[in-house]
2 protein chains.
Amino acid sequence: MGRKRTKSGKIRLAEVAELAGVSPITASRFFRNPEALSVAKRTRVESAARELGYVPNLAARALASQRTEVIGVLIPSLTNNVFSDVLRGIYDASEGSRYSIQLSNTRYSVLQEEKLLRLFLAQKPAGLIVTGIDQTAESRAMLEAADCPIVQIMEIGPNPVDMMIGFSHYDAARAAIAHLFEQGHRRVGFVGARMDPRVQRRLDGYVAAMKEADLYDQRLIVTTATPTSVTLGCALFADLIARESDIDAVFCANDDLALGVLFECRRREIAVPEQIAIVGFNDLEFMASSVPTLTSVRTNRYEMGSTAAAMLIEAIDGKRPEQPVLDLGFAVIERQSSQTPRPAAGPRAGEWSSVAQNDSVTNDP
Amino acid sequence: MGRKRTKSGKIRLAEVAELAGVSPITASRFFRNPEALSVAKRTRVESAARELGYVPNLAARALASQRTEVIGVLIPSLTNNVFSDVLRGIYDASEGSRYSIQLSNTRYSVLQEEKLLRLFLAQKPAGLIVTGIDQTAESRAMLEAADCPIVQIMEIGPNPVDMMIGFSHYDAARAAIAHLFEQGHRRVGFVGARMDPRVQRRLDGYVAAMKEADLYDQRLIVTTATPTSVTLGCALFADLIARESDIDAVFCANDDLALGVLFECRRREIAVPEQIAIVGFNDLEFMASSVPTLTSVRTNRYEMGSTAAAMLIEAIDGKRPEQPVLDLGFAVIERQSSQTPRPAAGPRAGEWSSVAQNDSVTNDP
DNA sequence: GTCGTTGCTGGTAGCGCTGTCAACGTTCCT
DNA sequence: AGGAACGTTGACAGCGCTACCAGCAACGAC
């Protein structure tokens, strides 16, 4: 007699098929493309599977079908708040689909990225999400040769490998600086940390805006390769203000730095925004409730993740988006920290609920 | 003639074996237990594999060996900073091992956890990391029946399923309250959000400490099921202070809330710590650089993740730890926000680098 | 010299599932 | 009525790897 249950006691597809009175291949089809079955067999297989508590063996499926149901995700950091939002979007969008997420951390190294990419591609992922547009030539070649859909996230640029979703960090920085100009600021400093390619493009946007206004001064820029933190924001601002005591505004490459700058101002009894205006980047949650509330550039991080995953899954299932490059835009959220000081209108002390954003400059393409 | 390269052009183990002049099974052993081979064959297989660029097919391996090299991780949130640190520890420790991480989000629901657990166990993971000790009876039964090592993380308690690593949230809260008592505070409020089991145990610790000092008053407690945020910290504190204007300290169930309380105090021009002391929980990075710097209870989140993963991998490889339950302890990091107000010693304004922690009460078991 | 014993190697037989293709029954058209 | 077209089903043959066990040589103990 043929083999029954394996020693591990697992239910196999064959058992389900037997109980349902169909061939194994028909049962198999039920799980992959139920529409292909007649209604009668479909219900029979379904109830048999439920009765036996059948769970497909993914390894066997992957081996036989020569493809996995794994979406590889390469991000540069697990610490950064920005990526935890993106990741949440990715996980949320993949939930309910039959794909599972395989995450790897490149630690901001393109060589590490290349290595991980090689590893991932060897396992024939169903799809791939990679961060940014600055892959090595080798990575780029591998991505182009890969026979699965790929989404580049976090920013947009020319020559997408496949799909792309993000926004222009350059334009976002320019919009932030334009806002400061509108508010009458001229000596605008730049504080940046980590200096990954996206922060670098924010710096480029800042530089361009300053040069166009004929206000560029290299001494206004403080950057470091050190990972970002609030404490680092304090330190970098301390450096800047010690050198350039006449600055009237600071554009921070992210919100942690902005919060650090705010604290350092408070420590030195520098009034914000009266003496110095502060603008951050990303619009993390706390920016709306600090005192004073902090202006920031809102970026759609969760949506970036969820849309990327959704697009990718669609593409895997054969429905390529009509819009393979998606600009999710940004919005300058104007708050107290960058308001023009007006006579008799300092930062007000009030109810927490009165902490509302004022106006916003939106860039929704 | 036998089949050569598959159409996909992938190198298989058989090709490597052929080039090395050994049987496939010998080549297979090379990758799993090189010591079992003679030195001659070992080097031959090694160079053959390198020459062909061989990458093992994990699906085939999993199918044939009846086990995967996947570590399942169940955590309740991807947003919470606490878990991103834990996760980073897990990923770091698994890097370099042959195990890969499969992450799933229970969203603080034990039923969701049960469902995910069932899913995970069906794929025979090599090991499992689960959050907390409050599984459903069904989950508990599945975990006990699972034939893989399991680590419970984030807290410690009686009856570990297998291994356990964390600390006592109850004791940590008590230590924080004891510190506030030492500093002369009596009307100590509690502000908590989300109220998951661990926050609940912090509340229990607070209640016990207050009762023992005969200072317990239920009206000092403000909690909500809403997910935590800085803004929520502002709101909850606003509620508390409106009702109980005589409080002299607030213990916050986490640091986001503490920052919110600090901002709300500033908004209302309540001096910290002179009028109200603030203590947070977790000791996130920004606590050391706010103004005033914020006292918090340091928890070893990264170590919790990395140690859990390391222990798990050891256990999978057959080396069970001599210490299956590990208390990672905590430390009350005393900073300006809870210092006893002394004559002529307000919070000083100074260099960022002068933002140092003062003293600390450590609990390293 | 015979008998274990150890260390290394290989053959056989699947692991559980799916791709391919042929075969079947039914319907619809001419 | 005959045939094409379609929808549905099943047989077969692996996917690439490893568990299991047998075989073989080399060695030492008796």
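Side chains are part of it too, since the values below use all heavy atoms of this structure and drop only hydrogens, waters and symmetry mates. Protein chains get the first letters and strands the later ones, always in sequence-line order, with residue 1 at the start of each.
- Nearest to the side chain of B:K41, among C:dG10, C:dC17, D:dG16, sits C:dG10.
- Look at CG on A:L37: it is 13 Å from P on C:dT18, rounded to the nearest Å.
- Contact annotation: B:Q66 does not reach the phosphate of D:dC17 (side-chain N/O to OP1 or OP2, under 4.0 Å).
- Comparing D:dC17, C:dC17, D:dG16 by their nearest atom to the side chain of B:L63 picks out D:dG16.
- In summary, the side chains of A:R32 and A:S28 do present a donor paired with an acceptor at a separation below 3.5 Å, with no hydrogens or angles considered.
- Using a 4.0 Å heavy-atom distance criterion, A:R67 is classed as a sugar-phosphate-only contact.
- Of the residues in residues 22-34 of chain B, those with a non-hydrogen atom less than 4.0 angstrom from any atom of DNA chain D are B:I25, B:S28, B:R32.
- When the C1' atom of D:dC17 is taken as reference, atom CD of B:E18 falls 17 Å away, rounded to whole Å.
- Each of B:S65 and A:R61 was assigned the nucleotide of DNA chain C with the nearest heavy atom; the assignment lying further toward the 5' end belongs to B:S65.
- Using a 4.0 Å heavy-atom criterion, one finds that B:A36 contacts the sugar-phosphate atoms exclusively.
- The shortest side-chain heavy-atom distance between B:L87 and B:L103 falls under the 4.5 Å cut-off.
- An OP1 or OP2 oxygen of D:dG16 is reached within less than 4.0 angstrom by no side-chain nitrogen or oxygen of B:Y54.
- B:S38 has no side-chain polar atom (N or O) that falls below the 4.0 Å cut-off from OP1 or OP2 of C:dG7.
- What separates CZ of B:R44 from P of C:dG10 is a distance of 9 Å, to the nearest Å.
- Of the N and O atoms on the side chains of A:T106 and A:Q112, not one donor lies less than 3.5 Å from an acceptor on the other residue.
- Between B:E113 and B:R107 no salt bridge is recorded (no basic side-chain N to carboxylate O distance below 4.0 Å).
- The two residues B:P125 and B:C148 come nearest to each other via the heavy atoms O-CB, 3.6 Å.
- Ion pairing between a basic and an acidic side chain is recognised when a charged N comes within 4.0 Å of a carboxylate O; A:R320 and A:D162 show such pairing.
- One can place CD of B:E35 at 17 Å from C1' of C:dT9, the figure rounded to the nearest angstrom.
- Nucleotide C:dC17 holds its P atom 10 Å from the CG atom of A:L58, rounded to whole Å.
- Rounded to a whole Å, the CD atom of B:E15 is 9 Å from the P atom of D:dC17.
- Between B:E114 and B:R118 there is a salt bridge, since a side-chain N of the basic residue sits under 4.0 Å from a carboxylate O of the acidic one.
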